[in-house]
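Only one structure is covered here, and it is reproduced in the block below.
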4 protein chains.
Amino acid sequence: MNMIHTSYAYTHEMSVRDYECDMQGIVNNSVYQNYLEHVRHEYLKRVGIDFADYTRRGLNLVVVRAELDYKSPLQSGDRFVVGLNLWRESQLKFAFYQDIYRMPDMKPVVKAKIIGTALNERGRPQIPAGFAAVLMHNVRKKDEKYQE
Amino acid sequence: MNMIHTSYAYTHEMSVRDYECDMQGIVNNSVYQNYLEHVRHEYLKRVGIDFADYTRRGLNLVVVRAELDYKSPLQSGDRFVVGLNLWRESQLKFAFYQDIYRMPDMKPVVKAKIIGTALNERGRPQIPAGFAAVLMHNVRKKDEKYQE
Amino acid sequence: MNMIHTSYAYTHEMSVRDYECDMQGIVNNSVYQNYLEHVRHEYLKRVGIDFADYTRRGLNLVVVRAELDYKSPLQSGDRFVVGLNLWRESQLKFAFYQDIYRMPDMKPVVKAKIIGTALNERGRPQIPAGFAAVLMHNVRKKDEKYQE
Amino acid sequence: MNMIHTSYAYTHEMSVRDYECDMQGIVNNSVYQNYLEHVRHEYLKRVGIDFADYTRRGLNLVVVRAELDYKSPLQSGDRFVVGLNLWRESQLKFAFYQDIYRMPDMKPVVKAKIIGTALNERGRPQIPAGFAAVLMHNVRKKDEKYQE
């Protein structure tokens with residue numbers, strides 16, 4: 001687990017629920033996006049950004065691109081950990097790097113890059129100040145990490 | 001929490017995930033059945049019955065009737081506990097009584113009765129020996145509880 | 001099909017999608033509530049009530065009780081029809097009777113009674129005028145049907 | 001619609017169901033993968049490959065990578081069309097190009113590339129003969145199209 005905790009800004013453990021498995025007896029492809037969204041929202045809450053609260057205020061955090069590499073499937077009974085890093089991708093876009101590992105053997109399950117933006121009340125991309133501060137902090141952390 | 005732990009054979013805590021909420025901003029009705037199924041399977045695993053393993057062996061635990069009273073909705077960020085009791089309903093049927101409470105104020109969310117049976121490989125109702133033993137144990141516990 | 005069309009105020013045909021099936025190879029229990037909700041909303045739209053529009057205006061149509069009898073499961077590739085009747089259950093509650101039949105053999109799949117109410121902006125039960133008119137119309141239809 | 005029908009090997013029309021919308025009032029990101037999977041399976045059935053039947057025979061068609069560009073969201077009441085093309089990506093991989101357009105204005109919603117493979121009973125990548133024939137046919141069609 002040490003590698004996981006030092007490689008990611010945030011990690012979150014979860015378990016497969018049987019209703020998430022499809023007729024192949026494995027977690028359905030679309031469900032991993034549910035897992036990833038849940039962990040993004042948990043991370044954002046941790047750094048002071050409440051997705052539901054943003055939504056109620058008319059600030060919509062939206063995904064503009066998702067890339068998912070499916071390495072090996074999760075099955076009923078599996079426990080897993082999701083590691084997350086957040087970087088600023090461009091002026092108006094941010095990127096979540098999210099990797100899922102089966103526990104306890106840490107076999108890679110999914111490696112994903114989820115690019116998002118924030119839309120203001122007029123539907124225009126605009127990163128809110130609070131979110132920009134979080135991204136700024138992450139950029140700094142990134143630099144520090146590179147210096148180590 | 002004391003009331004919860006003495007009233008139910010099994011309790012399980014969970015949290016709402018944002019993707020489970022619909023356009024009304026509350027957990028969608030169908031999702032509570034997901035929660036209830038997950039807790040039933042967790043309970044069964046605890047008493048030695050693995051749903052996925054049963055399925056692979058051709059023994060299908062199926063729901064034949066569900067009654068759900070929706071008392072108050074869960075929202076984004078809510079944590080909740082599900083209490084479960086299992087009784088034998090008839091020779092070939094068993095009943096899960098499952099109640100969901102919002103934490104920490106223990107406001108009732110859903111009260112449910114889920115009646116199930118087990119189908120053997122020929123699709124005929126037949127309670128497997130292992131499952132019957134669990135039900136027998138629960139009936140005894142019920143009697144003990146009534147004597148207290 | 002004739003029986004279906006004369007017994008219900010509204011019928012709606014759908015098909016099973018593979019992602020709706022679970023590890024038992026059959027449609028997961030919770031998915032039938034998705035089907036039933038979709039057909040209720042389609043019916044309401046047909047009689048002039050748009051669920052999403054109501055929601056945006058702060059009028060929340062909510063389910064207070066669901067009873068579902070699972071008669072036989074749907075599988076991958078199955079086509080089915082959902083029949084719906086709507087009655088006024090009490091001053092503040094209405095009831096959808098919704099039955100699912102596999103096509104083309106019309107084998108019963110699910111028989112359900114879904115009781116709902118409408119909550120106004122202060123969260124109090126209150127049947128909006130437009131909805132009350134629909135219910136009134138259905139009561140009349142019921143009487144006519146009984147006279148035939 | 002003409003453009004759609006000449007640009008894709010297969011097109012499939014669907015409608016948003018209200019339970020697929022999240023608290024932002026739009027279709028949740030993960031649901032588009034459900035739509036895309038459903039259309040892939042419908043297409044495969046059309047060309048003689050039944051996903052459920054393959055699964056029962058131990059041949060698992062699996063997704064190894066998904067790329068989704070979210071162009072604009074679908075909302076309650078929206079009807080849409082999914083266009084699909086299938087190409088052989090490499091010896092052991094095939095790629096579905098799937099694009100979603102809102103109807104009737106044909107506004108782009110999602111552009112996706114879904115790469116898959118087939119796993120035999122020992123979990124090894126192996127394109128079954130029937131599937132290879134379909135891919136072969138598509139390559140030929142591609143060439144013809146380029147000559148037009």
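Heavy-atom basis, side chains included; hydrogens, waters and symmetry copies ignored. Residue numbers begin at 1 in each chain, while the letters A, B, ... track the order of the sequences. Worth saying up front: this structure is predicted, and the values here are computed from it rather than measured.
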Who in residues 23-62 of chain D is close to chain B, using a strict under-4.5 Å heavy-atom cut-off?
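The list, in residue order, reads D:M23, D:G25, D:N28.
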
Quick one: which residues of residues 119-132 of chain D reach chain B at under 4.5 angstrom, heavy atoms only?
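The stretch does not come within 4.5 Å of chain B.
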
State which residues pass side-chain hydrogen bond (donor to acceptor under 3.5 Å, both in side chains) with D:R102; sequence neighbours excluded, sorted by chain then number.
D:D105

Restricting to side-chain hydrogen bond (donor to acceptor under 3.5 Å, both in side chains), what partner residues turn up for D:S15, sequence neighbours left out?
D:R79

